[in-house]
Amino acid sequence: MTTSAAEYVALDEHWGTHNYHPLPVVIAEGEGAWVTDVEGKRYLDFLAGYSALNFGHRHPALVAAATEQLNRVTLTSRAFHHDQLGLFCRELAELTGTEMVLPMNSGAEAVESAVKLARKWAYQVKGVPDGQAEIVVAGSNFHGRTTTIVSFSTDETARADFGPFTPGFVTVPYGDADALAAAISPRTAAVLLEPIQGEAGVIVPPEGYLAEARRLCDESGSLLIADEIQSGLARTGKLLALEHENVHADVYTLGKALGGGILPVSAVVGSRAVLGVLRPGEHGSTFGGNPLACAVGRAVVRLLATGEFQQRSAELGAHLHERLAKLVGNGLSAVRGRGLWAGVDIAPGGPTGREASQALAGLGVLCKETHDHTLRLAPPLVIDQDELDRGVEALAEVIGAR
């Protein structure tokens with residue numbers, strides 16, 4: 001019988017494809033901001049499934065919604081209607097101030113769907129000649145790992161040996177409004193941006209950049225697509241990160257926390273003028289919008305509608321960033337982020353990101369490197385101040401802060 005962490009890791013290494021490089025921690029249970037491994041050691045979760053666990057592990061309201069639906073019906077396919085889909089779409093649209101919802105499963109599926117929608121809209125509505133639509137994207141982006149998405153990635157690890165790549169994308173530096181303006185042309189269907197770049201190291205763009213992107217899209221008759229898969233659903237202290245600049249997108253991609261940490265749920269939400277271009281048979285997913293996903297998604301919407309998690313993220317995030325700022329020049333070289341989301345750069349001479357992640361795990365705190373010397377911190381929004389302080393103190397110990 002398999003009992004030790006080493007045995008479980010060996011099983012994964014032998015039988016599983018090596019497309020990830022996880023820390024040697026084997027989680028068996030989770031509750032709130034904490035997880036327990038197969039050997040009984042508890043860890044404070046400072047990653048939250050890359051924001052998929054915004055509401056913590058096994059939030060009671062979400063588990064209850066899933067359990068109730070499990071006892072009724074879990075899948076119908078979209079060959080039939082079911083009693084959760086329309087309610088989910090209406091409630092999510094009302095929450096986000098949009099008009100129409102396209103439910104999918106993974107975040108990458110949501111982005112792929114948004115790309116298809118933008119192209120179809122460009123041909124049918126904007127009048128771009130067939131086959132010539134372009135989408136302007138930002139360098140250092142992360143939108144997923146499908147073939148089309150890695151076609152416009154600037155991460156060579158994500159691209160190497162996966163070509164030929166899908167054409168129709170123009171890449172500009174993130175945060176450079178002048179470069180964005182120069183890239184937009186009559187062929188531009190959309191500008192696709194992360195309001196804050198997560199995988200790149202929680203990069204917050206210069207103030208006014210997102211508002212300028214909105215203005216340029218309006219001026220050129222192009223769509224603004226905001227990838228809020230990591231930054232949305234209360235992670236930054238607002239429902240959507242674009243709200244920090246009072247900007248509204250034509251289309252948003254949502255995912256991760258939309259499934260409550262229980263199952264993959266994603267959605268494209270936006271204006272009826274854009275999502276309404278799809279007709280039966282042109283796009284679909286067997287599991288997209290399934291009854292179980294919709295029931296959990298509706299429970300997530302109910303939690304967000306109270307504003308509690310946005311407020312927690314804003315208030316606790318201010319405390320987190322105040323604590324982290326004191327480590328700059330004392331083991332850290334930079335801190336970035338908003339709400340309960342931070343990218344921290346370890347100063348030269350300190351441990352690598354991987355070494356720091358491993359050392360933190362030894363102290364009972366889980367996070368993960370995103371680049372050689374950068375850690376991404378994204379604790380569940382149910383965390384309390386004492387737990388935050390515990391995580392920051394462990395980080396200070398690992399980086400040798402005095």
Side-chain angles (χ1 to χ4, degrees), residues 1-54 56-58 105-108 142-146 149-150 153 155-162 198-202 229-230 235 255-257 259-264 340-346 350-380 383 390-391 394-395 397-399:
M1 181 178 177
T2 302
T3 57
S4 72
E7 288 176 298
Y8 282 107
V9 170
L11 281 171
D12 288 356
E13 289 296 307
H14 181 78
W15 295 104
T17 302
H18 300 168
N19 59 325
Y20 278 89
H21 188 203
L23 297 177
V25 175
V26 182
I27 296 168
E29 297 179 17
E31 184 172 6
W34 293 85
V35 296
T36 305
D37 71 11
V38 293
E39 296 173 350
K41 181 176 179 178
R42 296 183 78 226
Y43 301 84
L44 182 60
D45 185 350
F46 246 55
L47 186 61
Y50 303 107
S51 292
L53 288 155
N54 280 4
H57 295 269
R58 298 191 304 117
N105 305 289
S106 69
F142 183 84
H143 299 285
R145 297 198 185 275
T146 60
I149 291 171
V150 299
S153 172
D155 179 358
E156 281 308 308
T157 301
R159 290 169 54 87
D161 298 326
F162 294 125
E199 189 75 14
V202 193
I229 291 166
Q230 282 194 59
R235 172 52 59 187
K256 294 194 183 294
I262 294 176
L263 74 169
L340 277 174
W341 203 19
V344 299
D345 295 340
I346 300 169
T352 65
R354 179 73 181 189
E355 290 167 344
S357 297
Q358 291 173 323
L360 281 166
L363 296 175
V365 177
L366 297 182
C367 75
K368 197 70 165 57
E369 77 278 5
T370 187
H371 289 288
D372 288 345
H373 290 87
T374 300
L375 298 176
R376 179 171 23 172
L377 309 180
I383 200 167
R390 178 173 180 160
L395 174 64
E397 180 177 339
V398 165
I399 62 176

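Worth knowing before you read on, the calculation uses all heavy atoms, side chains too, and leaves out hydrogens, waters and symmetry mates. Index from 1, following the sequence.
Once rounded to the nearest 0.5 Å, the distance linking CG of L363 with CG of L44 reads 11.5 Å. A distance of 11.5 Å separates CZ of F162 from OG1 of T146, quoted to the nearest 0.5 Å. Atom CG of D45 and atom NE2 of H57 lie 4.0 Å apart (nearest 0.5 Å).
Take H373 and apply the side chain to side chain donor-acceptor pair (under 3.5 Å) test, not counting sequence neighbours, and it matches no residue. Annotation: salt bridge (Lys or Arg N to Asp or Glu O under 4.0 Å) contacts of E156 (sequence neighbours excluded): R159. Taking H18 as the reference, nothing meets the side chain to side chain donor-acceptor pair (under 3.5 Å) condition, with sequence neighbours excluded. By the side-chain contact (heavy atoms from CB on, under 4.5 Å) test, P351 pairs with I346, E355, A356, V398, sequence neighbours left out. Every residue meeting the side-chain contact (heavy atoms from CB on, under 4.5 Å) condition with E7, not counting sequence neighbours, appears here in chain and number order: T2, T3, S4. Taking A10 as the reference, nothing meets the side-chain contact (heavy atoms from CB on, under 4.5 Å) condition, with sequence neighbours excluded. Take R354 and apply the side chain to side chain donor-acceptor pair (under 3.5 Å) test, not counting sequence neighbours, and it matches H21.
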- Query: Run the side-chain contact (heavy atoms from CB on, under 4.5 Å) check on N54 and L340 step by step: do they pass?
  - Reply: CA-CA 10 Å; N54 280 4; L340 277 174; over 6 Å; no
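Shown here for C367 and L360, the closest heavy-atom pair between the two residues is SG-CD1, 3.5 Å. Nearest approach of A394 to V365, heavy atoms of both residues: CB-CG2, 3.8 Å.
Legend: side-chain hydrogen bond (donor to acceptor under 3.5 Å, both in side chains) pairs involving residues 358-370, not counting sequence neighbours, sorted by first then second residue: S357-E369. Within the structure, salt bridge (charged side-chain N to carboxylate O under 4.0 Å, His left out) pairs that include any residue of residues 8-27 do not occur (at least two apart or interchain).
Inspection of the T374 and D345 side chains reveals an N or O donor paired with an N or O acceptor under 3.5 Å.
Here the side chain of H143 pairs no donor or acceptor atom with the backbone of G107 at under 3.5 angstrom.
Looking at heavy atoms from C-beta onward, L377 lies in side-chain contact with V344 at the 4.5 angstrom threshold.
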Side chains of residues 46-53: which donor-acceptor pairs under 3.5 Å do they make with residues two or more places apart or in other chains?
| from | atom 1 | to | atom 2 | distance (Å) |
| --- | --- | --- | --- | --- |
| S51 | OG | Q230 | O | 3.4 |
| S51 | OG | R235 | NE | 3.1 |

Distance-only donor-acceptor hits, side chain of residues 28-39, under 3.5 Å, sequence neighbours excluded:
| from | atom 1 | to | atom 2 | distance (Å) |
| --- | --- | --- | --- | --- |
| W34 | NE1 | E387 | OE2 | 2.8 |
| D37 | OD1 | E39 | N | 2.9 |
| D37 | OD1 | G40 | N | 2.9 |
| D37 | OD1 | K41 | N | 2.8 |
| D37 | OD2 | Y43 | OH | 3.1 |
| E39 | OE2 | A5 | N | 3.0 |

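Counting non-hydrogen atoms of neighbouring residues, nucleotides and ligands closer than 6.0 angstrom, the CG atom of N19 exceeds 12 such neighbours.
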